[in-house]
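Naming: A, B, ... by sequence-line order, numbering from 1 per chain.
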There are 2 protein chains.
Amino acid sequence: MLKYQQIANEIEQYIREQNLKQGDKLPVLEQMMNQYAVSKSTITKALELLERKGIIFQLRGSGIFVRRHNRPGYMSLFSTQGFKSNLGNRILTSDVLDVSVMKPDVLVAENLGIDVTDDVYRVERVRYVDGEVLCHEESYYVKAIVPYLNREIVADSIFDYVQSALGVTIGFSDMYLQVGRLTESEAEYLGLHEDDPTLRIETIFHLTNGKPFDYSRITYHYAHSQFVIQANGPYM
Amino acid sequence: MLKYQQIANEIEQYIREQNLKQGDKLPVLEQMMNQYAVSKSTITKALELLERKGIIFQLRGSGIFVRRHNRPGYMSLFSTQGFKSNLGNRILTSDVLDVSVMKPDVLVAENLGIDVTDDVYRVERVRYVDGEVLCHEESYYVKAIVPYLNREIVADSIFDYVQSALGVTIGFSDMYLQVGRLTESEAEYLGLHEDDPTLRIETIFHLTNGKPFDYSRITYHYAHSQFVIQANGPYM
DNA sequence: AAGTATAATTGTACCGGTACAATTAAACAA
DNA sequence: TTGTTTAATTGTACCGGTACAATTATACTT
């Protein structure tokens, strides 16, 4: 692991262990340089990472402070979107409804930047947090990139498998949000009624080289899905 | 304006003018160093900024490439959330329903980190994109930070006013998303029916020094609100 | 052709430095 | 006490450098 990532983790752990709260001040940059025995720019990179994660904020001339959202019941939108990070102490489980190889339809192929004759894995799951229905997910993986999947892998975190076993790294993603009403079949999966409100998110996940490898459609249970997004900006 | 911001803008403009599309390659780092006559780290900072904005992605050993989402009809979630950036060529207007000074209730005071005896500005608006109803917004500004508002300021971009006229800078924000059903009065503002689905977003905006200065509740028209979020990560 | 080793290209990690602007604390004056 | 100037603190911008890993192109086999 890179130095600045390692340091970022240690600082995050420090905040957790010391139970620091919103506005609490961290050691100053120079002290961190000495403590971790690295140059200023390495500490700066570590802190910048934590800033992007919404853990801290830095104030020139003043110091480095803890930032915290912490509304109970709200999950980070990204934590449920493959980017594991921390779902806190909540337990995430899945019912696997389907894992199969197939040819994509035009829409799926388009979103994945492949041909309709290329193979994809289709995965369908219902996901739960602490036993409560969170969402219904239908996702497609480019088989040329993810050559093998089974129900066991899919029941756990697909992204962990893809990264560790296949050695590919996920780069970035585009998420498309929409609000609408449930269809009858969706309602059944979620234990709700037809026409109940829902949040739909389509996501295209790309590898670091820019190639899409996963296109997924998620339909959320409106009552069990409350999300937090921490934004830094405006960037200029 | 800082060098790296300026360069980021110029590169963004270059991409637009040259009409570069997804996957197109940009000049290599060293050429940019020469072209803008700055050091490597300054170019790197500019590119990192563009990466965070979802404009480009960088691939070690290969080059710098254009990233593009571009689903028609989808707005960046952050562009409607004060962070102006680009709403593309779509026109954003407002009906101002209320601008008044008042004492906050407990919930508002808590979210703003102030006392119920402190003054706040209450602003209520209905917002439109290209003439179509986008959302109903109710927001509260800490009067100690934003000492004056009127209907004219509020009809335009409040954030532009706050930053330029008051000289304070917005640092970061926490957004809380929820899906639910419209109340009768909300439905009326949005031209919808009671119990129609809706996306609700509460946002707390902080200054760079970490102090909250704006707490807002937005209720979106489900049919006219489709959002895109571009994520980079996992960060480690 | 088709695979394989080799070399060139290219961005990232990390160092260590100077200058500076924003904040805060200290000293001072009214 | 209260405001004002001054000094110390502290993070950020920017420079210019070395080393390196991932990618891509080239040359070399088979």
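- Comparing A:Ser62 and B:Arg60 by the nucleotide of DNA chain C that holds the closest heavy atom to each, the one mapping nearer the 5' end is B:Arg60.
- A salt bridge is absent between A:Asp118 and A:Lys103; no separation between the charged side-chain nitrogens and carboxylate oxygens falls under 4.0 Å.
- Other residues, nucleotides and ligands place no more than 12 heavy atoms under 6.0 Å from the CD atom of A:Glu110.
- Taking the six-membered ring for Trp and thresholds of 30 and 60 degrees, A:Tyr215 and A:Tyr140 have nearly parallel ring planes, at less than 30 degrees apart.
- Proximity of residues 37-48 of chain A to DNA chain C (heavy atom under 4.0 angstrom from any strand atom) is restricted to A:Val38, A:Ser39, A:Lys40, A:Ser41, A:Thr42, A:Lys45.
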Passes side-chain contact (heavy atoms from CB on, under 4.5 Å), B:Ile229 versus A:Tyr176? Steps please. CA-CA 7 Å; B:Ile229 299 176; A:Tyr176 298 95; over 6 Å; no

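- Using a 30° and 60° split on the angle between ring planes, B:His206 and B:Phe172 fall in the parallel class, below 30°.
- The 5' end of DNA chain C is approached more closely, in terms of each residue's nearest nucleotide, by B:Gly63 than by the other of B:Gly63 and B:Thr208.
- Looking only at side-chain heavy atoms (C-beta outward), B:Tyr121 and B:Ser139 stay at 4.5 Å or farther from each other.
- The 5' end of DNA chain D is approached more closely, in terms of each residue's nearest nucleotide, by A:Val28 than by the other of A:Val28 and B:Phe65.
- Among the heavy atoms of the strands lying under 4.0 Å from A:Leu29 is at least one base atom, whether or not backbone atoms are also near.
- Side-chain contact between B:Val66 and B:Ile55 is absent, with no heavy atoms from C-beta onward closer than 4.5 Å.
- Nucleotides of DNA chain C that come within less than 4.0 Å of any heavy atom of chain A span, from the 5' end to the 3' end, C:dA13 to C:dT24.
- Contact of the A:Ile201 side chain with the A:Gln178 side chain is not registered, since no non-hydrogen atoms from C-beta on lie closer than 4.5 Å.
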